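The structure appears right after this line, and notes come after that.
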Protein chains: 2
Amino acid sequence: MSRAMRHPLDPMLGFHLVRTANLALRAVNAAYGDLGIRHPDGAVLLVIDANPGITQSSIGRLLNIQRSNIAPMVSRLVDRGWLERRPGKGKTIGMFLTESGQRIMPAIHAASTAGENMITTSIGADAYAATLETLKRLR
Amino acid sequence: MSRAMRHPLDPMLGFHLVRTANLALRAVNAAYGDLGIRHPDGAVLLVIDANPGITQSSIGRLLNIQRSNIAPMVSRLVDRGWLERRPGKGKTIGMFLTESGQRIMPAIHAASTAGENMITTSIGADAYAATLETLKRLR
DNA sequence: TATTGTTATACTCTATAACTATA
DNA sequence: TATAGTTATAGAGTATAACAATA
């Protein structure tokens, strides 16, 4: 194959969004690696830490994850002793961090910023802020 | 659950990158739906159309797809009569569009821009261009 | 009716290893 | 050694459907 190749997807933002998202997720998963969890688990822990008593359905709406996929994740985190379920109104169940779960949150916070740091050092703080503002406008 | 919830991932660009990428891929896959293919297939066809005779390994490098994952995709597209393999130097095999493949390219091009259009109408042309420039800097 | 939690299931995409063949 | 094509396999992530319980 000759050296110079045409890349018809290079001028498409969607392609670079997917590519950059994958790079960021890779960095985050590597940082979470020591804890034996992956990025969706970390996101769930962060949301529960910020919203004690939140339901699984609400977590799913915040993170764009189906509630049918939240259930097994929560079960694993409960098995590891980091989360506990407490019955709420009706069929709802509130999620809370255990003491053990609270102790690992500093590590979760640190690891969750690995992707952010990678992006920031690569594109600069100004571009980071501008892109964040831009993408937050998208619905 | 009370109305106002904290969203600890909302200030993180990585979260919005993943979310926006998923929205764009959803739009692209919906547009490709009529053709019975999905976004990786469309990307492969676009790359081959722009680079007749390109090898599978080179396609993978351009699109960040393992060559072990390119092989079955190409086989499906060959079975559908859109691609053909022609032996090249050594063990290399050049990929080419068939006549049938060339005839569907206008539809492929049109569908591939579905994600772009969704993003552009949502954030505006200026933000689109700025974000594209920013993300292209990332390695 | 609508929502919650849950299980089951299937599909897409990705990752790794191993093998043969060419250079 | 390095690269190309291929097969097999495993894993992560996502999607839909269905059900019982509750409001």
Side-chain angles (χ1 to χ4, degrees), chain A residues 1-3 14-15 17-19 21-30 32-33 36-44 48 53-79 83-95, chain B residues 1-3 14-15 17-19 21-30 32-33 36-44 48 53-79 83-95:
Chain A
M1 198 62 203
S2 71
R3 202 59 274 298
F15 174 75
L17 282 170
V18 172
R19 180 177 164 279
N22 286 342
L23 288 173
L25 286 180
R26 190 180 293 263
V28 170
N29 283 330
Y32 277 144
I37 63 174
R38 294 175 62 82
H39 65 93
D41 307 280
V44 166
I48 295 173
I54 191 173
T55 64
Q56 293 181 31
S57 292
S58 292
I59 297 169
R61 279 188 291 270
L62 281 185
L63 298 177
N64 309 306
I65 304 176
Q66 309 293 323
R67 63 188 199 288
S68 58
N69 295 323
I70 299 273
M73 290 178 45
V74 163
S75 291
R76 280 198 307 274
L77 296 172
V78 167
D79 290 345
L83 291 183
E84 65 177 343
R85 300 178 168 97
R86 295 186 204 158
K89 291 190 177 185
K91 200 180 179 181
T92 66
I93 300 175
M95 302 304 311
Chain B
M1 199 60 203
S2 72
R3 201 58 273 298
F15 174 75
L17 282 170
V18 172
R19 178 177 165 280
N22 286 341
L23 288 174
L25 287 179
R26 187 180 295 262
V28 171
N29 284 329
Y32 276 144
I37 63 175
R38 293 175 60 81
H39 65 93
D41 307 280
V44 166
I48 296 172
I54 191 173
T55 64
Q56 293 182 31
S57 293
S58 291
I59 298 169
R61 278 189 292 270
L62 282 186
L63 298 178
N64 308 307
I65 304 177
Q66 309 294 322
R67 64 188 199 288
S68 59
N69 295 323
I70 299 272
M73 289 177 45
V74 163
S75 291
R76 279 198 307 274
L77 296 172
V78 168
D79 290 345
L83 292 183
E84 64 177 343
R85 300 177 168 97
R86 295 186 205 158
K89 292 190 175 184
K91 201 180 180 180
T92 65
I93 301 176
M95 303 304 311

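Each chain gets a letter, A, B and so on, in the order the sequences are listed, and its residues count up from 1. This is a predicted model, so every value here is computed, not measured. Just so it is clear, the values below take in all heavy atoms, side chains as well, and ignore hydrogens, waters and symmetry mates.
Nearer to the 5' terminus of DNA chain C, by closest-nucleotide assignment, is the contact made by A/Arg61 (compared with the other of A/Arg61 and B/Lys89). A residue-by-residue look at B/Asn69 and A/Gly94 shows that A/Gly94 has its nearest nucleotide of DNA chain C further toward the 5' end.
Applying the side chain to side chain donor-acceptor pair (under 3.5 Å) rule to B/Arg26 yields no partners; only residues at least two apart in sequence or on another chain are considered. Checked against salt bridge (charged side-chain N to carboxylate O under 4.0 Å, His left out), B/Arg61 has no partners two or more places apart in sequence or in another chain.
Distance CD1 (A/Ile70) to P (C/dT4): 12 Å, rounded to an integer number of Å. Atom pair A/Met73:CE and D/dA12:P shows a separation of 12 Å (rounding to whole Å applied). Between A/Leu63 atom CG and D/dA15 atom P there is a gap of 13 Å when expressed in whole angstrom units. Rounding to whole angstrom units, CD1 of residue A/Ile37 and C1' of D/dG11 are separated by 17 Å. Taking atom CD1 on A/Ile59 and atom P on C/dT4, their separation rounds to 12 Å, with Å as the unit. Atoms CG (A/Asp79) and P (C/dT6) sit 12 Å apart, rounded to a whole Å. Remark: P of D/dA4 and CZ of B/Arg85 are 16 Å apart, rounded to the nearest angstrom. Between B/Ile65 atom CD1 and D/dT6 atom P there is a gap of 15 Å when expressed in whole angstrom units.
Pairing each heavy atom of B/Ala71 with each of B/Gln56, the nearest pair is CA-OE1, 3.5 Å. When all heavy atoms are compared, the tightest approach of A/Ser57 to A/Arg67 is OG-CD, 3.4 Å. The heavy-atom pair separating B/Ile54 from B/Ile48 by the smallest distance is CG2-CG1, 4.0 Å. When every heavy atom of A/Phe15 is checked against every heavy atom of B/Leu63, the shortest pair comes out as CE1-CD2, 4.1 Å.
At D/dG13, one or more side-chain N or O atoms of A/His39 fall inside 4.0 Å of OP1 or OP2 (strictly under the cut-off). At the phosphate of C/dT14, neither OP1 nor OP2 sits under 4.0 Å from any side-chain N or O atom of B/Gln66. Residue A/Ser57 places at least one side-chain N or O under 4.0 Å from the OP1 or OP2 atom of C/dT4. The side chain of A/Gln56 contributes no N or O atom lying less than 4.0 Å from OP1 or OP2 of C/dT4. Within the 4.0 Å cut-off from OP1 or OP2 of D/dT22, not a single side-chain nitrogen or oxygen of A/Thr92 is found. Close to C/dT12, at under 4.0 Å from its OP1 or OP2, lies no side-chain N or O of B/Arg76.
Looking at heavy-atom distances under 4.0 Å, A/Pro40 makes contact with sugar-phosphate atoms alone, never a base.
Applying the side-chain hydrogen bond (donor to acceptor under 3.5 Å, both in side chains) rule to pairs touching residues 84-95 of chain B yields B/Ser75-B/Arg85, B/Glu84-B/Arg86, sequence neighbours excluded.
In the region residues 21-29 of chain A, proximity to DNA chain D at under 4.0 angstrom, judged on heavy atoms, holds for none of the residues.
Within the 3.5 Å criterion, the main-chain N or O of A/Arg38 finds no donor-acceptor partner in the side chain of A/Asn29.
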Can you give me the N/O atom pairs linking the protein to nucleotides 18-21 of chain C at distances under 3.5 Å, or say none if there are none?
from, atom 1, to, atom 2, distance (Å)
C/dT20, O2, B/Lys91, NZ, 2.3

Strand DNA chain C as a dot-bracket string - pairs counted if Watson-Crick or G-U with both distances under 3.5 Å, | where the partner lies in another strand: |||||||||||||||||||||||

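The distance from atom CD1 of A/Ile59 to atom CG of A/Asn64, rounded to the nearest 0.5 Å, is 13.5 Å.
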